[in-house]
2 protein chains.
Amino acid sequence: MQTVDEILRIKKVKITAVRTVVLRHLLSQEKAQSLKDIENALVHTDRSSIFRTLKTFEENKVIHSIEDGSGMVKYAVCAKGCNCEPKDLHYHFYCNNCNKTFCLFDVPFQNIELPENFKIQQANMVIKGLCSDCNH
Amino acid sequence: MQTVDEILRIKKVKITAVRTVVLRHLLSQEKAQSLKDIENALVHTDRSSIFRTLKTFEENKVIHSIEDGSGMVKYAVCAKGCNCEPKDLHYHFYCNNCNKTFCLFDVPFQNIELPENFKIQQANMVIKGLCSDCNH
DNA sequence: CTTTTGCTGCAACTTAATTGCAAAGATTAA
DNA sequence: TTAATCTTTGCAATTAAGTTGCAGCAAAAG
Ligand SMILES: [Mn+2]
Ligand SMILES: [Mn+2]
Ligand SMILES: [Zn+2]
Ligand SMILES: [Zn+2]
């Protein structure tokens, strides 16, 4: 696992106190985090600073966002080498029971046969159901 | 194409003026519609009535919702026979240029190999890119 | 006809997301 | 080192989507 500083250096994002603490938090969680989640975890850091940090991270491919239908956009750290291109696409899983959302990096992403002349650039793929912890 | 009244009768949703006009509007559009879209189109119909109509439609599988990342939930009429079950899943396409979102009913939905013990119940699959009209 | 139930319109509210602005901090130029 | 410039941060305020309470109206049931 890369360190916070390594990631920011590679993605050419200047290291600051807020960025360090936000990225450290995201890395420490196995599930994707909403702005509210981060706000609650980092009680001493201002919401708008976190918000702008997330925008900066997303622009620079440090993280990617997921709309899982919970009403809040979630954020997860990109995998090493990810450039947020079609080849980096992966599914996400939202558990209807425990409400966790996470990246399914290990599930192969199937090539989708789009209609003539359509061009894929990104995707937001969210599978909803029960995770292994909740499926009894 | 089924008529508004046929659809509502089959889905056991009582026919009312607001429901008729909302469903007629959804059927007349080739792209998925947000609450705001519908509100703008139906200037004489109250927003909260449209909102509650959409909830009723969704509960009764008349329509399904799509989160395409535009910040507004979009709604599209379900295909004939759809019961909003895993077998009815399909991809959606959001055009980054013309901002239209629509159902790709004709693109086969590939079965996804989930990790051990995961159970799929629904999905929100949105492919983003350029539609054939905008891909030049 | 009377009662009950559901639908609608209006206004108000909630909350996630976003922005303006000024102070603080960091970087660059002199 | 100092001055000028650019970036980041915190705070307060705003925006906008979504949601709800309530009263009046209409349809359905008794
Ligand atoms: Mn992911
Ligand atoms: Mn659809
Ligand atoms: Zn779970
Ligand atoms: Zn287009």
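Please read these numbers as outputs of a predicted model, since none were measured by experiment. Just so you know, these numbers use all the heavy atoms, side chains as well, and skip hydrogens, waters and symmetry mates. Proteins get letters first, then strands, A, B, ... in listed order; numbering begins at 1 in each.
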On DNA chain D, compare the nucleotides closest to Met72(B) and Arg52(A); which residue's is nearer the 5' end?
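Its nearest nucleotide being more 5', the pick is Arg52(A).
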Given [options], which nucleotide is nearest the side-chain atoms of [X]?
X: Phe51(B); options: dA17(C), dT20(D), dT8(C); value: dT20(D)
X: Arg19(B); options: dT18(C), dT8(C), dG9(C); value: dT8(C)
X: Val18(A); options: dT8(C), dC11(D), dT9(D); value: dT9(D)
X: Ser48(B); options: dT20(D), dT8(D), dG10(D); value: dT20(D)
X: Lys14(A); options: dT7(D), dC10(C), dA16(C); value: dT7(D)

Salt bridge check, Lys74(B) against Glu67(B): does any charged N sit closer than 4.0 Å to a carboxylate O?
no
[X] has an atom [atom1]; how far is it from atom [atom2] of [N], in whole Å?
X: Ile50(B); N: dC10(C); atom1: CD1; atom2: C1'; answer: 14 Å
X: Glu39(B); N: dT8(C); atom1: CD; atom2: C1'; answer: 15 Å
X: Leu35(A); N: dA17(D); atom1: CG; atom2: P; answer: 18 Å
X: Lys12(B); N: dA28(D); atom1: NZ; atom2: P; answer: 16 Å
X: Glu67(A); N: dA16(C); atom1: CD; atom2: P; answer: 16 Å
X: Arg47(B); N: dA16(D); atom1: CZ; atom2: P; answer: 13 Å
X: Asn40(B); N: dA16(D); atom1: CG; atom2: P; answer: 13 Å
X: Asp46(A); N: dG20(C); atom1: CG; atom2: P; answer: 16 Å

Determine the contact category for Thr16(B): base if any of its heavy atoms lies under 4.0 Å from a base atom, sugar-phosphate if only primed atoms, P, OP1 or OP2 are that close, otherwise nothing.
sugar-phosphate
Centres of the His90(B) and Phe105(B) rings: under 6.0 Å?
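Here the rings of Phe105(B) and His90(B) have centres that are less than 6.0 Å from each other.
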If you compare all heavy atoms of Gln2(A) against all heavy atoms of Ile10(A), which two are closest, and at what distance to 0.1 Å?
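Of all heavy-atom pairs spanning Gln2(A) and Ile10(A), the closest is OE1-CD1, 3.2 Å.
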Answer yes or no: does a side-chain N or O of Lys55(B) lie under 4.0 Å from OP1 or OP2 of dT19(D)?
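Yes.
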OP1 or OP2 of dA17(C) sitting under 4.0 Å from any side-chain N/O of Lys36(A)?
no
Can you tell me if Asp88(B) uses its side chain to pair, donor with acceptor, with the backbone of Cys84(B) under 3.5 Å?
yes
Looking at Glu85(A), is its backbone amide N or carbonyl O close enough to the side chain of Asn83(A) to form a donor-acceptor pair, meaning the two atoms are under 3.5 Å apart?
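Between the backbone of Glu85(A) and the side chain of Asn83(A) there is no qualifying donor-acceptor contact (under 3.5 Å).
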